[in-house]
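Only heavy atoms go into these numbers, but all of them, side chains included; no hydrogens, no water, no symmetry mates. Please read these numbers as outputs of a predicted model, since none were measured by experiment.
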Amino acid sequence: MVDSLGVAVVGFGWMGRVHTQAYARLPHHYPHLPLRPRLVTIAEDVPGRAEEAAAQFGFAATTRHWREIAADPRVQAVSITAPNFLHREIGVAMAEAGKHIWIEKPVGLTVADAQAVADAVAKAGVQGAVGFNYRNAPAVEAARELIASGGIGTVTHVRVRLFSDYAAHPDGALTWRYEKERGGSGVLGDLASHGADLARYLLGDITSLTADTAVFIPERARPTGATAGHTLATGGELGPVENEDYVNCLLRFASGARGVLEACRVSVGEQNNYGFEVHGTQGAVFWDFRRMNELGVSRGTGYQDQPVSTVYVGPGDGEFGAFQPGAANAMGYDDLKVIEASRFLRSVAEGVPHGATLQDAVHSAAVLDAMVRSAESGAWVDVAPKA
């Protein structure tokens with residue numbers, strides 16, 4: 001008999017919905033998991049949103065106050081999908097209450113925030129998973145194995161890009177995302193956090209960097225009501241955009257490899273253009289999130305004019321087999337969150353981490369903090385994972 005795990009979700013914006021859907025899909029894709037999630041409570045302070053979630057997905061209870069979840073003995077695990085500035089407070093409180101946590105990146109606003117949650121999880125002896133979903137793509141896992149096996153020789157350099165248009169409209173509402181106090185470092189936390197994690201996942205630790213940042217839309221209109229996602233607002237009072245629209249960064253890795261990481265939230269014409277190109281002494285591997293199930297691979301001893309082949313991932317790559325029976329059948333973004341949910345529940349069941357952990361979040365946050373320091377000073381800075 002499969003044991004049930006009482007779960008709660010804090011925050012029901014887009015990401016809260018994705019987490020909830022992932023829990024609901026787990027029995028279909030991972031029928032042999034030793035735990036099965038049971039939706040206990042949804043916490044959301046926007047009137048009516050929690051009730052909508054309960055009616056659609058079957059949560060047993062709703063609340064406006066996340067602290068009620070920390071005190072609820074029916075809940076053993078919590079998804080934290082609230083805005084970034086709440087990550088530390090909620091994450092620490094849930095861990096101290098003995099709840100396992102699946103928390104979205106960037107886990108707070110600074111490396112100190114991420115470290116505080118990691119320390120609380122370690123002290124409480126609970127499991128902590130982090131929403132670095134792009135590393136879960138079977139093609140990314142296949143690329144990592146290819147790199148680690150020496151399939152492209154010694155890695156020399158990597159380029160990681162994360163270009164999006166979600167904030168490109170000048171009438172985008174001035175929500176918490178654009179404030180330093182609540183949104184932190186803007187596109188660094190939103191997108192570059194994923195880039196830092198991907199770069200480290202593929203090539204190992206980043207030791208130093210130099211970065212430049214910019215704000216391209218300096219003012220936005222304040223919203224007049226509740227917002228969800230990237231809402232437009234016109235006619236409201238204008239306020240300043242306090243954090244970054246764009247970052248570019250040169251990286252140095254412990255291995256000696258070099259890298260470029262670039263992220264932008266106001267790239268007109270770019271709809272989630274995320275990916276990487278990794279070059280080695282005998283080949284290269286390329287990945288584009290928009291063609292998530294493909295890799296471009298060049299390998300051999302031809303060096304000059306060496307061709308690139310398109311490789312379609314299949315059931316032998318990562319978790320592909322849990323979703324599709326044969327290579328070149330498509331997977332999508334939400335599937336990556338189902339993989340993440342399965343690894344979170346495996347971690348809880350077995351007492352050992354599977355997938356991205358709070359320490360991965362600390363390392364990513366250390367890279368972001370170093371980017372901020374470098375952009376302010378104009379100098380190369382060391383990446384220090386500790387607060």
Peer 1: According to side-chain contact (heavy atoms from CB on, under 4.5 Å), who are the partners of Ala77, at least two apart in sequence or on a separate chain?
Peer 2: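 Once residues adjacent in sequence are excluded, the partners of Ala77 under the side-chain contact (heavy atoms from CB on, under 4.5 Å) criterion are Leu5, Val7, His100, Phe344.
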Peer 1: Rounded to the nearest 0.5 Å, what separates atom CZ in Arg88 from atom OG1 in Thr110?
Peer 2: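 If I round to the nearest 0.5 Å, the distance is 6.5 Å.
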Peer 1: Less than 3.5 Å apart, any donor N or O on the side chain of Asn248 or Tyr246 sitting next to an acceptor on the other?
Peer 2: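 Side chains of Asn248 and Tyr246: pair found under 3.5 Å.
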Peer 1: Quick check: closest heavy atoms across Thr357 and Val130, and the distance to 0.1 Å?
Peer 2: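 It is O-CG2, 3.3 Å.
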Peer 1: Can Arg25 and Asp334 be counted as an ion pair, charged N to O under 4.0 angstrom?
Peer 2: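 Here Arg25 does not pair with Asp334 in a salt bridge, since their nearest N and O are not under 4.0 Å apart.
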Peer 1: Assess the residue pair Asn243 and Lys180 against the criterion (side-chain hydrogen bond (donor to acceptor under 3.5 Å, both in side chains)); give the C-alpha distance rounded to whole Å, side-chain angles, the decisive distance to 0.1 Å, and a yes or no.
Peer 2: CA-CA 6 Å; Asn243 54 27; Lys180 281 190 177 295; over 6 Å; no
Peer 1: If I take atom CD from residue Glu244 and atom OG1 from residue Thr213, how far apart are they, to the nearest 0.5 angstrom?
Peer 2: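 It is 4.5 Å, given to the nearest 0.5 Å.
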Peer 1: Is it true that a side-chain atom of Thr156 and a backbone atom of His279 form a donor plus acceptor pair closer than 3.5 Å?
Peer 2: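 At least one qualifying donor-acceptor pair exists.
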Peer 1: About how many Å separate CG of Asp369 and OG of Ser185, when rounded to the nearest 0.5 Å?
Peer 2: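 It comes to 7.5 Å.
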Peer 1: In Å and rounded to the nearest 0.5 Å, what is the CG to CG distance from Leu345 to Asp3?
Peer 2: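 The CG atom of Leu345 sits 11.0 Å away from the CG atom of Asp3.
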Peer 1: May I ask you to decide whether Arg135 forms a salt bridge with Asp360, counting only side-chain N to carboxylate O separations under 4.0 Å?
Peer 2: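 So Arg135 pairs with Asp360 through a salt bridge.
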Peer 1: Given the rule that I, L, V, M, F, W and Y join up when any side-chain heavy atoms are under 4.5 Å apart, are Val372 and Phe216 in one cluster?
Peer 2: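 Cluster IDs for Val372 and Phe216 differ.
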Peer 1: Is any side-chain N of the basic residue among Asp382 and Arg373 closer than 4.0 Å to the acidic one's carboxylate O?
Peer 2: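 No, Asp382 and Arg373 are not salt-bridged.
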Peer 1: Without swapping roles, check the side chain of Ser374 against the backbone of Ala379 for a donor-acceptor pair under 3.5 Å.
Peer 2: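 Yes.
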Peer 1: Side-chain contact test, heavy atoms from C-beta onward, threshold under 4.5 Å: evaluate it for Ile69 versus Val78 and give yes or no.
Peer 2: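 Ile69 vs Val78: side chains touch.
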Peer 1: I'd like to know if the side chain of Asp119 and the backbone of Ala116 have a donor-acceptor N/O pair within less than 3.5 Å.
Peer 2: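 No: the side chain of Asp119 does not pair with the backbone of Ala116.
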Peer 1: For a side-chain contact (heavy atoms from CB on, under 4.5 Å) check, start with the C-alpha distance between Phe59 and Val9, then their side-chain angles and the critical distance, and finish with the verdict.
Peer 2: CA-CA 9 Å; Phe59 286 96; Val9 177; 3.9 Å; yes
Peer 1: Run Ile217 and Tyr178 through side-chain contact (heavy atoms from CB on, under 4.5 Å) and show every step you take.
Peer 2: CA-CA 10 Å; Ile217 302 178; Tyr178 303 100; over 6 Å; no
Peer 1: Hey, mind stepping through Lys337 and Glu104 against salt bridge (charged side-chain N to carboxylate O under 4.0 Å, His left out) and telling me if it holds?
Peer 2: CA-CA 11 Å; Lys337 285 301 188 184; Glu104 273 306 309; 2.7 Å; yes
Peer 1: Say whether, by atom type as modelled, one donor and one acceptor occur between the side chain of Lys99 and the main chain of Val75 under 3.5 angstrom.
Peer 2: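 A pair under 3.5 Å: yes.
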Peer 1: So, taking the atom named CE in Met94 and the one named CD1 in Ile80, what distance separates them when rounded to the nearest 0.5 Å?
Peer 2: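 Met94 CE to Ile80 CD1: 6.0 Å, rounded to 0.5 Å.
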Peer 1: Which residue pairs pass the salt bridge (charged side-chain N to carboxylate O under 4.0 Å, His left out) test with at least one member in residues 305-327, sequence neighbours excluded?
Peer 2: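 Output for this query lists Glu319-Arg343.
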Peer 1: So does Asp205 pair up with Arg200, basic N to acidic O under 4.0 Å?
Peer 2: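 Salt bridge between Asp205 and Arg200, a charged N being under 4.0 Å from a carboxylate O: yes.
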Peer 1: Quick one: do Asn272 and Arg290 satisfy side-chain hydrogen bond (donor to acceptor under 3.5 Å, both in side chains)? Show the steps, please.
Peer 2: CA-CA 7 Å; Asn272 299 332; Arg290 298 167 302 178; over 6 Å; no
Peer 1: Do Trp14 and Tyr333 pass the ring pair (Phe, Tyr, Trp, His ring centres under 6.0 Å) test, and can you show the C-alpha distance, the side-chain angles, and the key distance before you say yes or no?
Peer 2: CA-CA 13 Å; Trp14 171 55; Tyr333 175 88; 5.5 Å; yes
Peer 1: If you take all heavy atoms of Cys264 and Leu191, which pair is closest and at what distance?
Peer 2: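 Looks like O-CD1, 3.6 Å.
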Peer 1: Any side-chain donor-acceptor pair under 3.5 Å between Ser298 and Gln306?
Peer 2: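 Result is yes, a qualifying pair exists.
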Peer 1: Trp66 and Ala43: which non-hydrogen atoms are nearest, and at how many Å?
Peer 2: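 Result for this residue pair: CA-CB, 4.1 Å.
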Peer 1: Is the closest side-chain heavy-atom distance between Leu202 and Phe276 below 4.5 Å?
Peer 2: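 Yes, their side chains come closer than 4.5 Å.
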Peer 1: Strictly by modelled atom types, are Glu340 and Asn136 linked by a side-chain donor-acceptor pair under 3.5 Å?
Peer 2: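 Result is yes, a qualifying pair exists.
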Peer 1: Spell out, as yes or no, whether a donor-acceptor pair under 3.5 Å connects the side chain of Thr210 to the backbone of Leu250.
Peer 2: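 A pair under 3.5 Å: no.
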Peer 1: Once rounded to the nearest 0.5 Å, what's the spacing between atom CG of Leu146 and atom CG of Leu295?
Peer 2: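 Nearest 0.5 Å value for the CG-CG distance: 8.0 Å.
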Peer 1: Is Leu209 reachable from Leu261 through a run of I, L, V, M, F, W or Y residues, each pair having side-chain heavy atoms under 4.5 Å apart?
Peer 2: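 Shared cluster, yes.
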Peer 1: Looking at every non-hydrogen atom in both residues, tell me the closest pair between Pro47 and Arg64 and how far apart they are.
Peer 2: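 It is CG-NH2, 4.1 Å.
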Peer 1: Taking Gln324 for the side chain and Ala330 for the main chain, is one N or O donor matched with an acceptor at less than 3.5 Å?
Peer 2: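 Confirmed, Gln324 side chain pairs with Ala330 backbone.
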Peer 1: Compute whether any side-chain donor of one residue and acceptor of the other, for Arg161 and Asn273, lie under 3.5 angstrom apart.
Peer 2: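 Note: Arg161 and Asn273 side chains meet the donor-acceptor criterion.
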Peer 1: Side-chain donor-acceptor pair under 3.5 Å between Tyr23 and Ser79, yes or no?
Peer 2: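 Short answer, yes.
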Peer 1: Under 3.5 Å, is there a donor-acceptor pair between the side chain of Asp335 and the main chain of Met331?
Peer 2: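 No.
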Peer 1: Should the pair Glu52-Arg49 be classified as a salt bridge under the 4.0 Å nitrogen-to-oxygen rule?
Peer 2: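 Judged by the 4.0 Å cut-off on N to carboxylate O distance, Glu52 and Arg49 do not form a salt bridge.
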Peer 1: Donor-acceptor pair, Thr81 side chain versus Met15 backbone, under 3.5 Å?
Peer 2: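 No; judged by distance alone, with no hydrogens or angles, the pair does not exist.
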Peer 1: Of all the heavy-atom pairs spanning Ala95 and Ile101, show the shortest one and how long it is.
Peer 2: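 So the two residues come closest at N-CG2, 4.4 Å.
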Peer 1: Is any side-chain heavy atom of Ser255 closer than 4.5 Å to a side-chain heavy atom of Val155?
Peer 2: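 No, too far: nothing below the 4.5 Å cut-off.
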Peer 1: Let me check something: do Val117 and Phe85 share a hydrophobic cluster, defined by ILVMFWY side-chain heavy atoms less than 4.5 Å apart, either directly or through other members?
Peer 2: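 Linked within one cluster.
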Peer 1: Using the benzene-type ring in the case of Trp, are the ring centres of Tyr274 and Tyr134 under 6.0 Å apart?
Peer 2: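 Yes, the ring of Tyr274 comes within the 6.0 Å limit of the ring of Tyr134, centre to centre.
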Peer 1: Quick one: do Val10 and Val126 end up in the same hydrophobic cluster if we chain Ile, Leu, Val, Met, Phe, Trp and Tyr together by side-chain heavy atoms under 4.5 Å apart?
Peer 2: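 Both belong to a single hydrophobic cluster.
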Peer 1: As a quick check of understanding, evaluate side-chain contact (heavy atoms from CB on, under 4.5 Å) for Tyr201 and Arg144, giving each step before the final call.
Peer 2: CA-CA 8 Å; Tyr201 183 68; Arg144 185 177 191 241; 3.2 Å; yes
Peer 1: Which pair of heavy atoms, one from Val247 and one from Leu188, lies closest together, and at what distance?
Peer 2: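 Shortest heavy-atom separation between Val247 and Leu188 comes out as CB-CD1, 3.8 Å.
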Peer 1: Same cluster or not: are Phe320 and Phe289 linked, directly or through other Ile, Leu, Val, Met, Phe, Trp or Tyr residues, by side-chain heavy atoms under 4.5 angstrom apart?
Peer 2: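 Yes, Phe320 and Phe289 fall within the same hydrophobic cluster.
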Peer 1: Tell me if a side-chain donor or acceptor on Asp197 pairs with a main-chain N or O of His194 at a distance below 3.5 Å.
Peer 2: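 No; zero donor-acceptor contacts below 3.5 Å.
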Peer 1: Given the rule in the salt bridge (charged side-chain N to carboxylate O under 4.0 Å, His left out) test, do Arg265 and Glu270 qualify, once you have shown the distances and angles that lead to the verdict?
Peer 2: CA-CA 9 Å; Arg265 65 188 180 187; Glu270 299 284 11; over 6 Å; no
Peer 1: Backbone N or O of Val311 within a donor-acceptor pair of the Glu294 side chain at under 3.5 Å?
Peer 2: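 Side chain of Glu294 to backbone of Val311, a donor-acceptor pair under 3.5 Å: no, none is there.
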Peer 1: Do the side-chain N and O atoms of Gln127 and His354 include a donor-acceptor pair separated by under 3.5 angstrom?
Peer 2: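 There is no such pair between these side chains.
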Peer 1: Check step by step if side-chain contact (heavy atoms from CB on, under 4.5 Å) holds for Lys105 and Asn84.
Peer 2: CA-CA 8 Å; Lys105 50 82 227 114; Asn84 299 353; 5.9 Å; no
